[in-house]
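I have placed the structure first, in the form of structure tokens, so that the comments after it can refer back to it.
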Amino acid sequence: MATEATKRPDYRGTLNLPQTEFPMKANLPQREPARIAWWAEHRIYQRRLESNGEGRPWILHDGPPYANGGLHMGHFLNKVLKDIFVKVNLLDGRASRFVPGWDMHGLPIEMETLKHLGVHFRSVPPAELREKCRERALYWLDIQRDLFMRMGCFGLWEAPYRTIDPSFEGTIVDALADLAQQGYLYKGLRSTYWCPTDETALADAEIEYRDHVSPSVYVRFPADAAQRGDLLSRFDGQVSEAGDLPLAVMCWTTTPWSLPGTVGVAFNPEAEYGLFRFRHAAGGEDLLIFATALLESVLARVPGTTAQTLATTTGAHLVGGEVHHPFMEFMVRLVDAPYVELETGTGAVTTAPGHGPEDFETGVRCGLPIVTPVNERGDFTAEAGIFHGLNVLRDANAKIVEHLRANGTLYCSVDYSHSYAHCWRCHNPVIFRATSQWFMALDVNHLRRRTTEQVADVRWHPAWGEERMRLMIENHPDWCLSRQRTWGTPIPAFDCQECGAEILDPRVARHVAALFREHGATIWWTWDAPRLLPAEFCCPQCGSAKLKKEMNIVDIWFESGVTHLAVLGSEQMPWPADVYLEGSDQYRGWFRSNLLTSMAIKGTPPYREVVSTGWVVDPEGRAMHKSAGNYIAADDAMNTYGADVMRLWIASVDYEADVRVGASILANVGEVYRNLRNRVRFILGNLFDFLPQQTVPADRLHPIDRLALAVTDALAERCARAYREFRLHDVYLALSNFVNDDLSAFYLDALKDRLYSSAAGATGRRSAQSVLWHIAKTLMALYAPVLSFSAEEAWQSVPPSLREGVDSVFFLKLEEPHEASPEGAAAVWSLVKGLRAQVKAQTAVEGRDFELRALVSADAATAATLEGLGDDLREALVVSACDVTAGSENGVSMELARTDGEKCARCWKYLALGADPAHPFVCGPCAEVVRSL
RNA sequence: GGGCCAUUAGCUCAGGUUGGUUAGAGCGCACCCCUGAUAAGGGUGAGGUCUGUGGUUCGACUCCACAAUGGCCCA
């Protein structure tokens, strides 16, 4: 063995093997924080923004997260996606200035603060409670900001917009002034969701549906003699066996507490109703009216009864009749309502316009009185008679059922489990109350029509977003803007003490807005009315100066609905935004609220494009919940996998639909990450001795290198286009295919011989390096929006002489300008790649790569093309010799055979050895290189 | 209960703008090669009734209807 070693010396030291400081192992969780500090210290984002200064900035307007807790994977998806597109545009030469924002007012924070303090909101003075809420919101803002920065997101983190800033509060009130001036705001009685626990009206968005068990009651609404005659006549006089039995309508409700406010009974006008002769188990008999379709169901619930059908008619025929209330003093009108369904109950539904939106609508349409005998705490008022003082959610149902049973009007009461509206924060059931609230009208000034029309002018991603938004606007009721809470921005309304006028005057609103900008909105609680009003302002109706401020705050969806007015509109942050990007729940939320305020105040949408994302779900496709045990906190994921792997995960999925995440999914992404990282590492390793001035001009590159250049430029073009069109997954697929298939398995593999065994400064080697440097820059730039940490790390590992003073990967261009590629380059590339694949497929049979010589035969044209590649064809096939012959047949075929040569101890190709007696085991070219060292 | 969206190999996704030969890729897995990208690299292979059921058609993963499962929004 010793003699063998001396006979065949080790030439390893004479080769140009890769060297790089870019480590193979990423250690992302440990290294990423230092990268963030470096970006901040060197003001990388700000400097690129400044150098991109010309032209209109590209603005992705940030939808504000709610500052009331930690961050989950949904937050990660949201903010990182935004960051990716911000960086795409940054690298693409635009000033993509990202101003992050936070939604900081509102009930959830107020609740969280009260819980934190352990007190009830009535026990804390408003100004003090507001200060505590502010502290709490700022506390969460800091935590969230740190995490967003930890994700690697670029943005103006030191100057975010916050809905609690006095300037923002001023914008909110100015927006109300604009709306008031144009006649959008009105005060109206409305049946609104009302939370008796929190004592506030709730927006639709503040409602969640949960299962709830209610007593489902069948109640007798008796008719007196006159009413009886009238009702019987409505059965077309076909009633012969009625005798003188008493008559009643059998009504149904799942909210017995609404009975004191029940002033109507609704029938489905198209359904059939029967007049039934009822024999009760106890012995009595009477006549009852209810839906025929529900007869069996009713009999099943009122045991021991039998019924005989005397006559039938339609619901429409019964409308206009009247019966007595089962216990109140007033009469109840029979009305029609299309929503009355015949699946459960009796088809005769109690209607309390003060306690339900449908009932309210029916009441208004049919002229019923709007009765609301329930106060803000859910207690019956004196208007409810004997039930005065009972609470509708606690004891009213039981007491009312008991009373019905006692006075003989209850047929049946059974527990009924159904989906019922609950408060989103305290999770208690909510009720409806008719209360006086401020509304934004959607049909004033053709707002609804103009909005649905202009929805078509926005580019929606995915495309179905347009239809979804259009339907959303078409079906939306007027927007209830007022809330009866403390932590928010006051609605600048005053009530006249003399004439009772409710005043929301634009002039007053602008005055208040200016005061808020200067002093903050808390002055609404600490200043008296005269100080808040413009000098000499009097009631526009009666001229009285005795005005009292209202204590309503504005819906927080209105606050976030005017972020476009608060944040955009300057030269640096122009209005409208280029893009809004949020989860698909925001079609109903922020996309819509911004659209409506913008259409009303500015006349056009606040965005040109809208991107919506799916939901982050667990590996089985189920929603994530802390209580379900499948919840992943954003910081935990980053600490485990590193932000860059998490960021790559986002590119690996189709974010427009729901995206799954879990340990095995992220492990897969981790493998792809290592691929992408090692490709760049290998390329950088081969550039350790390369200098920019050694770059070989395109026209003198090796043929295969020119093809590689062309293929790389095509990739960059394709990726850049996909990036600009938000097709992130296409970038991911294109990059991983390129890096694995074109580079690792083909080009880089082929290049090793030339890079390693040529003389360091040989033109051929510099040609390869020239192209490798171009590929490296291309890849790092394309990686940077997604793999921000790793791309930057790679860039910092490039020898400074090669980097030429470019400090950061974020100073590169997304797509380097380049000359047109040679005609058909991609086809030639594929052709050669295909031949190389054939070689590889046969190496197991025929021998190792370099042990082979290839005999390629092709039609004349193809042969000419292949011959044009010169020795690069041999190199690309990784064989020791290659001959091309032109045949007459179409296409290309190849034969492989063993070479005659011996293995060169230095380059490992099989060639004639020993031309230089000093180096007997080495081929001619290698001997020459070695001699020159 | 209604609207919208999704459902293609173990996982993440392509695909077919006009339905037409053996539905593709990466990762994982199994086996093999290399050891001068080495806590790397290369090759080969096994995995799919394209969620299900009907329908239209000479022919459907692709069009239509219904259903299931999951998601978002609403009631």
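Chain letters run A, B, ... following the sequence lines, proteins first and then strands; every chain starts at 1. Please read these numbers as outputs of a predicted model, since none were measured by experiment.
In B:rG26 the O4'-C1'-N dihedral to the base is more than 90° from 0, which defines an anti nucleotide.
Contact annotation: A:R836 side-chain N/O to B:rG43 OP1/OP2 distance is not under 4.0 Å. For B:rU69, neither phosphate oxygen OP1 nor OP2 lies less than 4.0 angstrom from any side-chain nitrogen or oxygen of A:R622.
One interatomic measurement links the two molecules: CD of A:Q586 to C1' of B:rC5, which rounds to 17 Å at whole-angstrom precision. We find that CZ of A:R588 is positioned 10 Å from P of B:rC73, with the value rounded to whole Å.
Stacking between A:F682 and B:rA40 is absent: the ring centroid is not both under 5.5 Å from the six-membered base ring centre and under 30° in plane angle.
By the 30° and 60° cut-offs, the orientation of the rings of A:H72 relative to A:Y631 is perpendicular.
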How far apart are the C-alpha atoms of A:F726 and A:Y655, what are their side-chain angles, what is the distance that settles it, and do they pass the side-chain contact (heavy atoms from CB on, under 4.5 Å) test?
CA-CA 10 Å; A:F726 309 105; A:Y655 67 79; 3.3 Å; yes
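When distances are taken from the side chain of A:H729 to each of B:rC34, B:rA14, B:rA37, the shortest belongs to B:rA14.
When Watson-Crick and G-U wobble pairs are counted only if both distances are under 3.5 Å, B:rC4 pairs with B:rG71. Pair check for B:rC11 finds B:rG26; Watson-Crick or G-U wobble, both atom distances under 3.5 Å. Using Watson-Crick or G-U wobble geometry with both donor-acceptor distances under 3.5 Å, B:rU53 finds its partner in B:rA65.
Within a 6.0 Å radius of CD in A:E725, more than 12 heavy atoms belonging to other residues, nucleotides or ligands are found.
Closest heavy-atom contact between A:C882 and A:L877: SG-CD1, 4.0 Å.
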